[in-house]
Q: 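First, the structure itself, so that you have it in front of you.
Every number for a ligand or one of its atoms is a count from 1 in the order of the listing.
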Amino acid sequence: MDPDFVKRAIDLLALHKMNVLHWHLTEDQGWRIEVDAYPELTSTGAWRTEADGSRHGGFYTKDQIREIVAYAADRNITVIPEIELPGHSRAAIAAYPWLSCTGDSLEVPHDWGVFKDIYCAGEDTTFRFLEAVLLEVLELFPSEYIHIGGDEAPKVRWESCPKCQRRIQAEGLHDAHELQSWFITQIGSFLADHGRKLIGWDEILEGGLPDGATVQSWRGMQGGRDAVAMGRDAIMSPTSHCYFDYPVESIDLERVYGFEPEPEGLEGSGRILGGECNMWSERAPQELVDSKVFPRIVAMSEVLWSSKSQRDWNSFKERMDWHYSRLDAWNVDYGWEAVPIDLSCEAAAQTERIMVGLDRAIAGIGGDVFWETKGSQERISRAFDAPFEVTGEGALVVELRRHDVAVGKPWRFPLAGHAGAFQPVELDHALNTYYPGGGQQGLADGRLGSMDFRDGCWQATQGEDMGMTLSLSEELHVDSLSMQFYLYQDAWIFVPDSVRFQWSLDGEHWKGDWSIQTQWNGADAFAQNETQGVVRIAVPVNSRAKYIRFEALNPGPCPLWHDAASLASWLFLDELVVHAN
Ligand code: ACM
Ligand code: ZN
(Lines give C-alpha, C1' and ligand atoms only; values in the text may rest on other atoms or scores of the structure.)
(Ligands and ions follow the chains in the order given, each with its own letter.)
Protein backbone atom coordinates (compact mmCIF):
# COMPACT_ATOMS: atom_id res chain seq x y z
CA MET A 1 0.00 0.00 0.00
CA ASP A 2 1.45 3.37 -1.01
CA PRO A 3 2.16 5.82 1.83
CA ASP A 4 -0.48 8.13 0.32
CA PHE A 5 -2.99 5.33 0.36
CA VAL A 6 -2.20 4.71 4.04
CA LYS A 7 -2.77 8.42 4.79
CA ARG A 8 -6.08 8.38 2.94
CA ALA A 9 -7.05 5.31 4.97
CA ILE A 10 -6.18 7.24 8.14
CA ASP A 11 -8.41 10.14 7.04
CA LEU A 12 -11.26 7.72 6.48
CA LEU A 13 -10.66 6.03 9.83
CA ALA A 14 -10.75 9.40 11.57
CA LEU A 15 -13.98 10.32 9.79
CA HIS A 16 -15.47 7.15 11.25
CA LYS A 17 -14.17 7.88 14.74
CA MET A 18 -11.70 5.02 14.77
CA ASN A 19 -8.81 5.84 17.07
CA VAL A 20 -6.26 3.09 16.53
CA LEU A 21 -4.58 1.81 13.40
CA HIS A 22 -3.08 -1.62 14.03
CA TRP A 23 -0.41 -1.80 11.33
CA HIS A 24 0.70 -5.33 10.44
CA LEU A 25 4.23 -4.65 9.23
CA THR A 26 5.89 -8.05 9.02
CA GLU A 27 4.68 -11.28 7.46
CA ASP A 28 5.93 -14.46 5.84
CA GLN A 29 5.55 -12.91 2.40
CA GLY A 30 7.18 -9.58 3.14
CA TRP A 31 9.00 -7.45 5.71
CA ARG A 32 7.69 -3.93 5.33
CA ILE A 33 9.63 -1.73 7.79
CA GLU A 34 13.17 -0.40 7.40
CA VAL A 35 15.54 -1.50 10.21
CA ASP A 36 19.03 0.06 10.23
CA ALA A 37 20.66 -2.73 12.23
CA TYR A 38 19.47 -5.42 9.79
CA PRO A 39 19.35 -4.01 6.25
CA GLU A 40 18.65 -7.37 4.61
CA LEU A 41 15.24 -7.45 6.28
CA THR A 42 14.19 -5.07 3.54
CA SER A 43 16.76 -5.63 0.77
CA THR A 44 15.92 -9.38 0.79
CA GLY A 45 12.87 -9.80 3.05
CA ALA A 46 10.68 -7.14 1.42
CA TRP A 47 10.66 -8.86 -1.97
CA ARG A 48 9.26 -12.10 -3.27
CA THR A 49 9.11 -13.88 -6.59
CA GLU A 50 5.54 -14.72 -7.54
CA ALA A 51 4.55 -18.05 -9.14
CA ASP A 52 4.63 -16.38 -12.57
CA GLY A 53 8.22 -15.20 -12.04
CA SER A 54 7.37 -11.54 -11.43
CA ARG A 55 8.79 -9.63 -8.43
CA HIS A 56 6.50 -8.15 -5.81
CA GLY A 57 7.39 -6.12 -2.77
CA GLY A 58 8.32 -2.86 -1.11
CA PHE A 59 8.75 -1.39 2.35
CA TYR A 60 8.27 1.81 4.32
CA THR A 61 11.34 3.90 5.06
CA LYS A 62 11.73 5.35 8.52
CA ASP A 63 10.89 8.81 7.21
CA GLN A 64 7.69 7.57 5.62
CA ILE A 65 6.71 5.86 8.87
CA ARG A 66 7.42 8.97 10.97
CA GLU A 67 5.29 11.00 8.60
CA ILE A 68 2.42 8.51 8.74
CA VAL A 69 2.54 8.25 12.55
CA ALA A 70 2.45 12.05 12.83
CA TYR A 71 -0.34 12.31 10.26
CA ALA A 72 -2.36 9.82 12.28
CA ALA A 73 -1.61 11.60 15.58
CA ASP A 74 -2.93 14.86 14.09
CA ARG A 75 -6.20 13.00 13.55
CA ASN A 76 -6.29 11.46 17.04
CA ILE A 77 -5.26 8.05 15.77
CA THR A 78 -2.58 6.00 17.49
CA VAL A 79 -0.63 3.68 15.25
CA ILE A 80 0.20 0.36 16.93
CA PRO A 81 2.81 -1.57 14.96
CA GLU A 82 2.76 -5.34 14.77
CA ILE A 83 6.07 -7.18 14.56
CA GLU A 84 5.14 -10.87 14.24
CA LEU A 85 6.92 -13.47 16.35
CA PRO A 86 7.73 -16.31 16.69
CA GLY A 87 5.69 -17.37 13.59
CA HIS A 88 4.82 -15.64 10.32
CA SER A 89 8.51 -14.80 10.13
CA ARG A 90 9.64 -16.42 6.88
CA ALA A 91 10.60 -13.07 5.29
CA ALA A 92 13.01 -12.35 8.17
CA ILE A 93 14.34 -15.92 7.99
CA ALA A 94 14.89 -15.53 4.23
CA ALA A 95 17.04 -12.47 5.04
CA TYR A 96 18.89 -14.07 7.99
CA PRO A 97 18.67 -17.89 7.91
CA TRP A 98 20.36 -18.17 11.34
CA LEU A 99 17.09 -16.98 12.87
CA SER A 100 15.44 -20.36 12.25
CA CYS A 101 15.98 -23.74 13.93
CA THR A 102 17.47 -25.41 10.83
CA GLY A 103 19.46 -22.46 9.46
CA ASP A 104 18.41 -23.52 5.96
CA SER A 105 18.30 -20.95 3.17
CA LEU A 106 14.63 -20.30 2.42
CA GLU A 107 12.96 -17.95 -0.02
CA VAL A 108 10.38 -15.33 0.85
CA PRO A 109 7.27 -17.41 0.08
CA HIS A 110 4.66 -16.34 -2.47
CA ASP A 111 1.88 -18.62 -1.29
CA TRP A 112 -0.36 -17.98 1.71
CA GLY A 113 -1.01 -19.80 4.93
CA VAL A 114 0.95 -20.94 7.95
CA PHE A 115 4.62 -21.92 7.67
CA LYS A 116 6.51 -24.23 9.96
CA ASP A 117 9.87 -22.41 9.88
CA ILE A 118 9.73 -19.88 12.72
CA TYR A 119 12.25 -18.08 14.94
CA CYS A 120 14.42 -20.50 16.94
CA ALA A 121 13.65 -20.17 20.65
CA GLY A 122 16.89 -21.90 21.68
CA GLU A 123 19.40 -19.39 20.28
CA ASP A 124 20.12 -16.24 22.31
CA THR A 125 20.96 -14.51 19.01
CA THR A 126 17.24 -14.66 18.09
CA PHE A 127 16.45 -12.49 21.09
CA ARG A 128 19.32 -10.06 20.49
CA PHE A 129 17.96 -9.68 16.93
CA LEU A 130 14.39 -9.10 18.06
CA GLU A 131 15.47 -6.61 20.74
CA ALA A 132 17.47 -4.62 18.21
CA VAL A 133 14.52 -4.58 15.80
CA LEU A 134 12.10 -3.60 18.56
CA LEU A 135 14.36 -0.78 19.80
CA GLU A 136 14.14 0.82 16.36
CA VAL A 137 10.39 0.18 16.27
CA LEU A 138 9.92 1.87 19.67
CA GLU A 139 11.78 4.89 18.38
CA LEU A 140 9.32 5.26 15.49
CA PHE A 141 6.09 4.43 17.30
CA PRO A 142 5.29 6.24 20.58
CA SER A 143 2.24 4.01 21.23
CA GLU A 144 1.80 2.56 24.71
CA TYR A 145 1.13 -0.86 23.14
CA ILE A 146 3.23 -2.92 20.74
CA HIS A 147 1.65 -5.91 18.97
CA ILE A 148 3.94 -8.93 18.72
CA GLY A 149 1.65 -11.31 16.81
CA GLY A 150 2.00 -14.72 18.42
CA ASP A 151 -0.59 -16.44 16.19
CA GLU A 152 -0.29 -19.55 14.09
CA ALA A 153 3.19 -20.71 15.14
CA PRO A 154 3.57 -24.44 14.41
CA LYS A 155 5.81 -26.17 16.94
CA VAL A 156 7.26 -28.92 14.71
CA ARG A 157 10.66 -27.25 14.27
CA TRP A 158 11.00 -26.54 18.00
CA GLU A 159 10.14 -30.15 18.78
CA SER A 160 13.09 -31.48 16.78
CA CYS A 161 15.57 -28.65 17.42
CA PRO A 162 18.30 -29.57 19.98
CA LYS A 163 18.72 -25.87 20.92
CA CYS A 164 15.00 -25.42 21.57
CA GLN A 165 14.90 -28.68 23.52
CA ARG A 166 17.85 -27.53 25.64
CA ARG A 167 15.97 -24.30 26.36
CA ILE A 168 12.91 -26.26 27.47
CA GLN A 169 15.11 -28.23 29.92
CA ALA A 170 17.11 -25.28 31.17
CA GLU A 171 13.98 -23.21 31.88
CA GLY A 172 12.09 -26.13 33.46
CA LEU A 173 9.33 -26.01 30.83
CA HIS A 174 7.06 -28.91 29.95
CA ASP A 175 6.56 -28.59 26.22
CA ALA A 176 6.74 -26.40 23.13
CA HIS A 177 3.60 -24.48 24.14
CA GLU A 178 5.29 -23.41 27.34
CA LEU A 179 8.33 -22.54 25.25
CA GLN A 180 6.17 -20.15 23.21
CA SER A 181 4.87 -18.63 26.43
CA TRP A 182 8.48 -18.26 27.66
CA PHE A 183 9.44 -16.68 24.30
CA ILE A 184 6.64 -14.11 24.52
CA THR A 185 7.51 -13.44 28.18
CA GLN A 186 11.09 -12.51 27.18
CA ILE A 187 9.74 -10.01 24.67
CA GLY A 188 7.12 -8.76 27.13
CA SER A 189 9.78 -8.02 29.78
CA PHE A 190 11.93 -6.25 27.21
CA LEU A 191 8.98 -4.06 26.23
CA ALA A 192 8.08 -3.45 29.87
CA ASP A 193 11.68 -2.35 30.57
CA HIS A 194 11.11 0.26 27.87
CA GLY A 195 7.79 1.38 29.30
CA ARG A 196 5.58 -0.38 26.77
CA LYS A 197 2.84 -3.03 26.93
CA LEU A 198 2.45 -6.12 24.79
CA ILE A 199 -0.56 -7.25 22.73
CA GLY A 200 -0.68 -10.72 21.18
CA TRP A 201 -3.22 -12.81 19.25
CA ASP A 202 -5.13 -15.29 21.42
CA GLU A 203 -2.62 -18.12 20.88
CA ILE A 204 -0.44 -16.37 23.49
CA LEU A 205 -2.79 -17.93 26.07
CA GLU A 206 -1.43 -21.37 25.18
CA GLY A 207 1.26 -22.51 27.59
CA GLY A 208 0.40 -19.70 30.02
CA LEU A 209 -0.41 -16.03 29.40
CA PRO A 210 2.69 -13.88 29.98
CA ASP A 211 2.40 -11.25 32.72
CA GLY A 212 0.87 -7.97 31.65
CA ALA A 213 -0.06 -9.17 28.16
CA THR A 214 -3.27 -8.00 26.46
CA VAL A 215 -5.02 -10.66 24.35
CA GLN A 216 -6.53 -9.97 20.93
CA SER A 217 -9.29 -12.55 20.52
CA TRP A 218 -9.65 -13.63 16.88
CA ARG A 219 -10.57 -17.34 16.94
CA GLY A 220 -13.98 -16.50 18.37
CA MET A 221 -14.59 -14.72 21.69
CA GLN A 222 -13.17 -17.36 24.05
CA GLY A 223 -9.64 -15.98 24.08
CA GLY A 224 -11.02 -12.67 25.35
CA ARG A 225 -13.11 -14.40 28.02
CA ASP A 226 -10.11 -16.43 29.18
CA ALA A 227 -7.92 -13.34 29.38
CA VAL A 228 -10.50 -11.43 31.44
CA ALA A 229 -10.97 -14.45 33.72
CA MET A 230 -7.24 -14.12 34.48
CA GLY A 231 -7.64 -10.43 35.24
CA ARG A 232 -6.12 -9.26 31.97
CA ASP A 233 -7.33 -7.00 29.19
CA ALA A 234 -8.66 -8.08 25.80
CA ILE A 235 -9.39 -6.66 22.36
CA MET A 236 -12.15 -8.39 20.40
CA SER A 237 -11.93 -9.13 16.70
CA PRO A 238 -13.47 -12.57 16.11
CA THR A 239 -13.39 -13.89 12.53
CA SER A 240 -17.18 -14.33 12.76
CA HIS A 241 -17.89 -10.56 12.63
CA CYS A 242 -14.70 -8.57 12.24
CA TYR A 243 -12.72 -10.00 9.32
CA PHE A 244 -13.39 -7.53 6.52
CA ASP A 245 -11.23 -9.53 4.11
CA TYR A 246 -14.00 -12.19 4.20
CA PRO A 247 -16.64 -11.89 1.49
CA VAL A 248 -19.99 -10.26 2.14
CA GLU A 249 -21.57 -13.72 1.74
CA SER A 250 -20.18 -14.63 5.14
CA ILE A 251 -20.05 -11.22 6.90
CA ASP A 252 -22.64 -8.73 5.74
CA LEU A 253 -23.47 -5.32 7.18
CA GLU A 254 -26.23 -6.66 9.43
CA ARG A 255 -23.89 -9.26 10.87
CA VAL A 256 -21.28 -6.60 11.64
CA TYR A 257 -23.98 -4.48 13.28
CA GLY A 258 -24.91 -7.49 15.41
CA PHE A 259 -21.37 -7.73 16.80
CA GLU A 260 -21.28 -7.54 20.58
CA PRO A 261 -17.72 -6.70 21.63
CA GLU A 262 -18.43 -7.28 25.32
CA PRO A 263 -19.32 -10.95 25.75
CA GLU A 264 -22.23 -11.75 28.05
CA GLY A 265 -21.22 -11.63 31.66
CA LEU A 266 -18.26 -9.36 31.00
CA GLU A 267 -20.21 -6.15 30.43
CA GLY A 268 -18.74 -3.38 32.47
CA SER A 269 -15.71 -5.43 33.53
CA GLY A 270 -13.56 -2.67 32.07
CA ARG A 271 -11.29 -5.34 30.66
CA ILE A 272 -12.55 -5.28 27.07
CA LEU A 273 -10.50 -2.42 25.66
CA GLY A 274 -12.38 -2.35 22.38
CA GLY A 275 -12.89 -4.09 19.10
CA GLU A 276 -11.08 -4.13 15.82
CA CYS A 277 -11.92 -4.87 12.21
CA ASN A 278 -9.21 -6.75 10.37
CA MET A 279 -8.39 -6.05 6.76
CA TRP A 280 -5.85 -8.68 5.70
CA SER A 281 -4.68 -7.77 2.26
CA GLU A 282 -3.15 -10.91 0.77
CA ARG A 283 -6.08 -11.15 -1.62
CA ALA A 284 -6.89 -7.47 -1.72
CA PRO A 285 -4.48 -5.21 -3.52
CA GLN A 286 -4.87 -1.51 -2.77
CA GLU A 287 -7.65 -1.09 -5.37
CA LEU A 288 -9.91 -3.60 -3.61
CA VAL A 289 -9.48 -2.45 -0.02
CA ASP A 290 -12.27 0.18 -0.09
CA SER A 291 -14.78 -2.37 -1.35
CA LYS A 292 -14.10 -4.63 1.62
CA VAL A 293 -13.75 -2.07 4.40
CA PHE A 294 -16.76 0.01 3.32
CA PRO A 295 -19.58 0.12 4.18
CA ARG A 296 -18.92 -2.48 6.91
CA ILE A 297 -16.71 -0.17 9.01
CA VAL A 298 -19.62 2.25 9.38
CA ALA A 299 -21.57 -0.43 11.25
CA MET A 300 -18.50 -1.37 13.28
CA SER A 301 -17.98 2.21 14.35
CA GLU A 302 -21.53 2.51 15.65
CA VAL A 303 -21.20 -0.81 17.47
CA LEU A 304 -17.96 0.21 19.16
CA TRP A 305 -19.19 3.66 20.17
CA SER A 306 -22.63 2.76 21.51
CA SER A 307 -24.05 0.65 24.28
CA LYS A 308 -26.02 -2.43 23.39
CA SER A 309 -29.34 -0.85 24.40
CA GLN A 310 -28.82 2.08 22.00
CA ARG A 311 -28.35 -0.06 18.92
CA ASP A 312 -31.17 -0.47 16.44
CA TRP A 313 -30.54 -2.13 13.10
CA ASN A 314 -33.55 -0.57 11.37
CA SER A 315 -32.62 2.91 12.46
CA PHE A 316 -29.02 2.33 11.41
CA LYS A 317 -30.12 1.01 8.02
CA GLU A 318 -32.09 4.21 7.38
CA ARG A 319 -29.14 6.35 8.40
CA MET A 320 -26.91 4.37 6.01
CA ASP A 321 -28.42 6.38 3.12
CA TRP A 322 -26.68 9.46 4.48
CA HIS A 323 -23.47 7.54 4.88
CA TYR A 324 -23.53 6.52 1.24
CA SER A 325 -23.76 10.19 0.25
CA ARG A 326 -20.77 10.94 2.46
CA LEU A 327 -18.80 8.01 1.08
CA ASP A 328 -19.61 9.17 -2.46
CA ALA A 329 -18.35 12.64 -1.61
CA TRP A 330 -15.06 11.15 -0.44
CA ASN A 331 -14.77 8.96 -3.53
CA VAL A 332 -14.87 5.78 -1.50
CA ASP A 333 -15.28 2.80 -3.79
CA TYR A 334 -17.52 0.93 -1.34
CA GLY A 335 -18.68 -2.62 -1.86
CA TRP A 336 -22.01 -4.31 -1.25
CA GLU A 337 -23.56 -4.25 2.21
CA ALA A 338 -24.96 -7.73 1.60
CA VAL A 339 -25.30 -10.14 -1.27
CA PRO A 340 -27.52 -7.83 -3.36
CA ILE A 341 -29.82 -10.63 -4.41
CA ASP A 342 -31.87 -12.92 -2.20
CA LEU A 343 -31.79 -16.24 -3.95
CA SER A 344 -34.20 -18.90 -2.77
CA CYS A 345 -34.58 -22.39 -4.13
CA GLU A 346 -37.33 -24.90 -3.52
CA ALA A 347 -38.59 -28.17 -4.83
CA ALA A 348 -40.33 -28.16 -8.20
CA ALA A 349 -43.13 -30.53 -9.14
CA GLN A 350 -40.85 -32.60 -11.35
CA THR A 351 -37.61 -34.32 -10.41
CA GLU A 352 -34.42 -32.92 -11.95
CA ARG A 353 -35.87 -29.43 -11.62
CA ILE A 354 -35.82 -26.79 -8.94
CA MET A 355 -37.81 -23.63 -8.47
CA VAL A 356 -35.72 -20.46 -8.11
CA GLY A 357 -36.81 -17.10 -6.73
CA LEU A 358 -34.81 -13.88 -7.05
CA ASP A 359 -35.48 -10.92 -4.80
CA ARG A 360 -33.84 -7.57 -4.36
CA ALA A 361 -31.90 -7.56 -1.08
CA ILE A 362 -31.00 -3.92 -1.63
CA ALA A 363 -33.27 -1.15 -2.89
CA GLY A 364 -32.89 -0.04 -6.49
CA ILE A 365 -31.37 -3.30 -7.70
CA GLY A 366 -32.26 -4.87 -11.00
CA GLY A 367 -30.48 -6.43 -13.90
CA ASP A 368 -30.26 -9.16 -16.48
CA VAL A 369 -30.40 -12.78 -15.47
CA PHE A 370 -29.03 -15.68 -17.49
CA TRP A 371 -29.05 -19.45 -17.05
CA GLU A 372 -25.65 -20.65 -18.17
CA THR A 373 -24.94 -24.29 -18.92
CA LYS A 374 -21.99 -25.82 -20.74
CA GLY A 375 -21.76 -23.95 -24.01
CA SER A 376 -25.02 -22.04 -23.82
CA GLN A 377 -26.57 -19.04 -22.15
CA GLU A 378 -30.27 -18.38 -21.95
CA ARG A 379 -31.79 -15.13 -20.79
CA ILE A 380 -34.49 -15.32 -18.14
CA SER A 381 -36.85 -12.41 -18.48
CA ARG A 382 -38.99 -11.27 -15.56
CA ALA A 383 -36.60 -13.17 -13.26
CA PHE A 384 -37.01 -10.58 -10.52
CA ASP A 385 -40.78 -10.70 -10.69
CA ALA A 386 -41.72 -14.36 -10.64
CA PRO A 387 -40.11 -17.64 -9.61
CA PHE A 388 -38.80 -19.77 -12.47
CA GLU A 389 -37.63 -23.36 -12.91
CA VAL A 390 -34.18 -24.57 -13.86
CA THR A 391 -33.28 -28.07 -15.02
CA GLY A 392 -29.96 -29.83 -14.58
CA GLU A 393 -26.72 -28.11 -13.71
CA GLY A 394 -25.57 -24.64 -14.54
CA ALA A 395 -24.99 -21.21 -13.08
CA LEU A 396 -27.42 -18.38 -12.62
CA VAL A 397 -25.56 -15.30 -13.81
CA VAL A 398 -26.89 -11.95 -12.69
CA GLU A 399 -25.59 -8.76 -14.28
CA LEU A 400 -26.67 -6.15 -11.80
CA ARG A 401 -27.76 -2.59 -12.23
CA ARG A 402 -28.40 -0.19 -9.42
CA HIS A 403 -30.70 2.69 -10.32
CA ASP A 404 -30.10 1.53 -13.90
CA VAL A 405 -26.31 1.84 -13.73
CA ALA A 406 -24.30 -1.35 -14.22
CA VAL A 407 -22.45 -2.27 -11.03
CA GLY A 408 -19.52 -4.60 -10.50
CA LYS A 409 -18.82 -8.02 -11.85
CA PRO A 410 -21.74 -10.37 -12.53
CA TRP A 411 -22.84 -12.51 -9.58
CA ARG A 412 -22.76 -16.25 -10.27
CA PHE A 413 -24.78 -18.82 -8.38
CA PRO A 414 -24.00 -22.43 -9.34
CA LEU A 415 -27.23 -24.46 -9.13
CA ALA A 416 -28.30 -28.02 -9.78
CA GLY A 417 -31.82 -29.17 -10.46
CA HIS A 418 -31.68 -32.84 -9.49
CA ALA A 419 -33.78 -35.59 -7.97
CA GLY A 420 -32.25 -35.31 -4.50
CA ALA A 421 -32.85 -31.60 -4.07
CA PHE A 422 -35.13 -30.85 -1.08
CA GLN A 423 -35.56 -34.50 -0.13
CA PRO A 424 -35.17 -35.18 3.62
CA VAL A 425 -31.55 -35.34 4.79
CA GLU A 426 -30.05 -36.95 7.87
CA LEU A 427 -26.48 -35.93 8.61
CA ASP A 428 -23.87 -38.17 10.26
CA HIS A 429 -21.71 -35.17 11.19
CA ALA A 430 -22.47 -32.14 13.36
CA LEU A 431 -22.74 -28.77 11.61
CA ASN A 432 -19.60 -26.69 12.05
CA THR A 433 -20.26 -23.20 13.46
CA TYR A 434 -18.14 -21.48 10.83
CA TYR A 435 -19.08 -23.57 7.78
CA PRO A 436 -22.67 -24.80 8.27
CA GLY A 437 -23.08 -24.54 4.47
CA GLY A 438 -26.84 -24.06 4.23
CA GLY A 439 -27.62 -26.04 7.40
CA GLN A 440 -29.42 -29.36 7.69
CA GLN A 441 -30.68 -29.27 4.08
CA GLY A 442 -27.52 -27.66 2.70
CA LEU A 443 -26.13 -30.76 0.97
CA ALA A 444 -29.36 -31.23 -0.98
CA ASP A 445 -30.69 -27.72 -1.58
CA GLY A 446 -30.01 -27.19 -5.28
CA ARG A 447 -27.20 -24.72 -4.55
CA LEU A 448 -23.67 -25.84 -5.35
CA GLY A 449 -20.49 -24.59 -3.69
CA SER A 450 -18.61 -22.10 -5.84
CA MET A 451 -14.90 -21.37 -6.30
CA ASP A 452 -14.96 -19.45 -2.98
CA PHE A 453 -14.96 -21.77 0.03
CA ARG A 454 -16.51 -19.02 2.18
CA ASP A 455 -19.56 -18.62 -0.07
CA GLY A 456 -21.88 -20.08 2.57
CA CYS A 457 -22.76 -23.13 0.45
CA TRP A 458 -19.85 -25.37 1.41
CA GLN A 459 -20.37 -27.56 4.45
CA ALA A 460 -17.18 -28.44 6.30
CA THR A 461 -15.71 -30.21 9.29
CA GLN A 462 -12.18 -30.27 10.67
CA GLY A 463 -10.56 -33.59 11.54
CA GLU A 464 -13.84 -35.49 11.11
CA ASP A 465 -15.61 -37.75 8.65
CA MET A 466 -18.79 -36.56 6.98
CA GLY A 467 -21.84 -38.45 5.87
CA MET A 468 -25.54 -38.26 5.09
CA THR A 469 -28.65 -40.24 4.19
CA LEU A 470 -31.15 -38.90 1.69
CA SER A 471 -34.71 -40.32 1.47
CA LEU A 472 -36.27 -39.79 -1.94
CA SER A 473 -39.99 -39.12 -1.98
CA GLU A 474 -40.50 -42.15 -4.23
CA GLU A 475 -38.59 -45.00 -5.74
CA LEU A 476 -36.72 -43.76 -8.83
CA HIS A 477 -34.42 -45.13 -11.44
CA VAL A 478 -31.12 -43.50 -10.40
CA ASP A 479 -28.58 -43.02 -13.17
CA SER A 480 -25.69 -41.56 -11.20
CA LEU A 481 -24.62 -39.89 -7.97
CA SER A 482 -21.99 -37.23 -7.48
CA MET A 483 -20.43 -35.05 -4.82
CA GLN A 484 -18.16 -32.01 -5.03
CA PHE A 485 -15.17 -31.28 -2.77
CA TYR A 486 -13.08 -28.22 -2.28
CA LEU A 487 -9.29 -28.56 -2.38
CA TYR A 488 -7.08 -25.79 -1.04
CA GLN A 489 -3.98 -26.98 0.71
CA ASP A 490 -2.88 -23.50 1.89
CA ALA A 491 -6.10 -23.39 3.92
CA TRP A 492 -5.62 -27.00 5.16
CA ILE A 493 -8.51 -28.19 2.99
CA PHE A 494 -7.93 -31.63 1.44
CA VAL A 495 -10.04 -34.04 -0.55
CA PRO A 496 -11.18 -37.15 1.38
CA ASP A 497 -9.16 -40.29 1.70
CA SER A 498 -12.03 -42.39 0.41
CA VAL A 499 -15.72 -42.06 -0.25
CA ARG A 500 -18.73 -44.34 -0.41
CA PHE A 501 -21.95 -43.83 -2.36
CA GLN A 502 -24.71 -46.32 -1.51
CA TRP A 503 -28.29 -46.85 -2.61
CA SER A 504 -31.11 -48.98 -1.32
CA LEU A 505 -34.80 -49.74 -1.86
CA ASP A 506 -35.68 -50.38 1.79
CA GLY A 507 -33.04 -48.42 3.77
CA GLU A 508 -31.62 -51.70 5.12
CA HIS A 509 -29.99 -53.51 2.23
CA TRP A 510 -27.42 -51.33 0.52
CA LYS A 511 -25.44 -51.50 -2.69
CA GLY A 512 -22.28 -49.54 -3.41
CA ASP A 513 -18.73 -49.77 -2.07
CA TRP A 514 -15.93 -47.70 -0.73
CA SER A 515 -13.78 -46.36 -3.45
CA ILE A 516 -10.46 -44.65 -3.22
CA GLN A 517 -10.84 -42.31 -6.07
CA THR A 518 -10.21 -38.95 -4.58
CA GLN A 519 -7.59 -38.20 -7.12
CA TRP A 520 -6.63 -34.74 -8.16
CA ASN A 521 -4.61 -34.44 -11.30
CA GLY A 522 -3.89 -38.15 -11.04
CA ALA A 523 -2.34 -37.98 -7.58
CA ASP A 524 -3.62 -39.01 -4.15
CA ALA A 525 -5.33 -36.85 -1.54
CA PHE A 526 -2.05 -35.68 -0.04
CA ALA A 527 -0.12 -35.05 -3.24
CA GLN A 528 1.72 -31.78 -2.90
CA ASN A 529 0.56 -29.11 -5.29
CA GLU A 530 -0.65 -25.56 -5.09
CA THR A 531 -3.92 -26.10 -6.81
CA GLN A 532 -7.11 -24.57 -5.54
CA GLY A 533 -10.45 -25.63 -6.85
CA VAL A 534 -13.45 -27.87 -6.95
CA VAL A 535 -13.10 -31.63 -7.38
CA ARG A 536 -16.04 -33.78 -8.37
CA ILE A 537 -16.52 -37.50 -7.76
CA ALA A 538 -19.30 -39.32 -9.60
CA VAL A 539 -20.42 -42.96 -9.72
CA PRO A 540 -22.78 -44.66 -12.16
CA VAL A 541 -25.75 -46.35 -10.42
CA ASN A 542 -28.26 -47.44 -13.05
CA SER A 543 -30.58 -49.02 -10.52
CA ARG A 544 -33.84 -48.33 -8.76
CA ALA A 545 -33.46 -46.71 -5.34
CA LYS A 546 -35.36 -44.83 -2.67
CA TYR A 547 -32.57 -44.21 -0.18
CA ILE A 548 -29.12 -42.78 -0.89
CA ARG A 549 -26.14 -42.69 1.42
CA PHE A 550 -22.87 -40.82 1.10
CA GLU A 551 -19.79 -40.92 3.32
CA ALA A 552 -16.38 -39.25 3.06
CA LEU A 553 -13.43 -40.12 5.28
CA ASN A 554 -11.24 -37.32 6.54
CA PRO A 555 -7.73 -37.98 5.22
CA GLY A 556 -6.18 -37.37 8.66
CA PRO A 557 -3.82 -34.66 9.88
CA CYS A 558 -2.04 -32.42 7.37
CA PRO A 559 0.85 -34.44 5.90
CA LEU A 560 4.51 -34.12 6.86
CA TRP A 561 5.47 -31.95 3.90
CA HIS A 562 2.73 -29.46 4.82
CA ASP A 563 3.43 -26.45 7.01
CA ALA A 564 0.54 -27.41 9.26
CA ALA A 565 1.93 -30.97 9.55
CA SER A 566 0.11 -33.00 12.22
CA LEU A 567 -2.72 -30.48 12.65
CA ALA A 568 -6.25 -31.58 11.69
CA SER A 569 -7.19 -31.09 8.03
CA TRP A 570 -10.54 -29.83 6.74
CA LEU A 571 -13.09 -31.55 4.50
CA PHE A 572 -15.39 -29.31 2.45
CA LEU A 573 -18.34 -30.70 0.50
CA ASP A 574 -21.45 -29.70 -1.44
CA GLU A 575 -23.67 -31.21 -2.84
CA LEU A 576 -25.03 -34.74 -3.23
CA VAL A 577 -26.42 -34.63 -6.77
CA VAL A 578 -28.84 -37.42 -7.70
CA HIS A 579 -29.52 -37.89 -11.39
CA ALA A 580 -32.63 -39.98 -12.03
CA ASN A 581 -35.18 -40.52 -14.73
C1 ACM B 1 -4.91 -14.05 12.31
O2 ACM B 1 -5.90 -13.80 11.59
N3 ACM B 1 -4.06 -15.00 11.98
C4 ACM B 1 -4.66 -13.32 13.53
ZN1 ZN C 1 15.25 -24.03 17.59
Q: Under a 4.0 Å heavy-atom cut-off, which residues neighbour ligand 1?
A: D151, E152, W201, W218, Y243, W280
Q: If we check salt bridge (Lys or Arg N to Asp or Glu O under 4.0 Å) with K62, which of these qualifies: E67, E136, E34?
A: E136
Q: Please say which of D226, D202, D211 ends up in a salt bridge (Lys or Arg N to Asp or Glu O under 4.0 Å) with R232.
A: D211
Q: Have a look at the Zn ion (ligand 2) and estimate, to 10 degrees, the angle subtended by SG (C101) and SG (C161).
A: 110°
Q: Do F494 and F485 make a side-chain contact, defined as non-hydrogen atoms from C-beta onward lying under 4.5 Å apart?
A: no
Q: Among V79, I80, I33, find the residue that satisfies the side-chain contact (heavy atoms from CB on, under 4.5 Å) test when tested with W23.
A: V79
Q: Checking side-chain polar atoms at under 3.5 Å, does E50 have a donor or acceptor matched by the opposite partner on H110?
A: no
Q: Pairing donors with acceptors under 3.5 angstrom, does anything connect the side chains of Y71 and D11?
A: yes
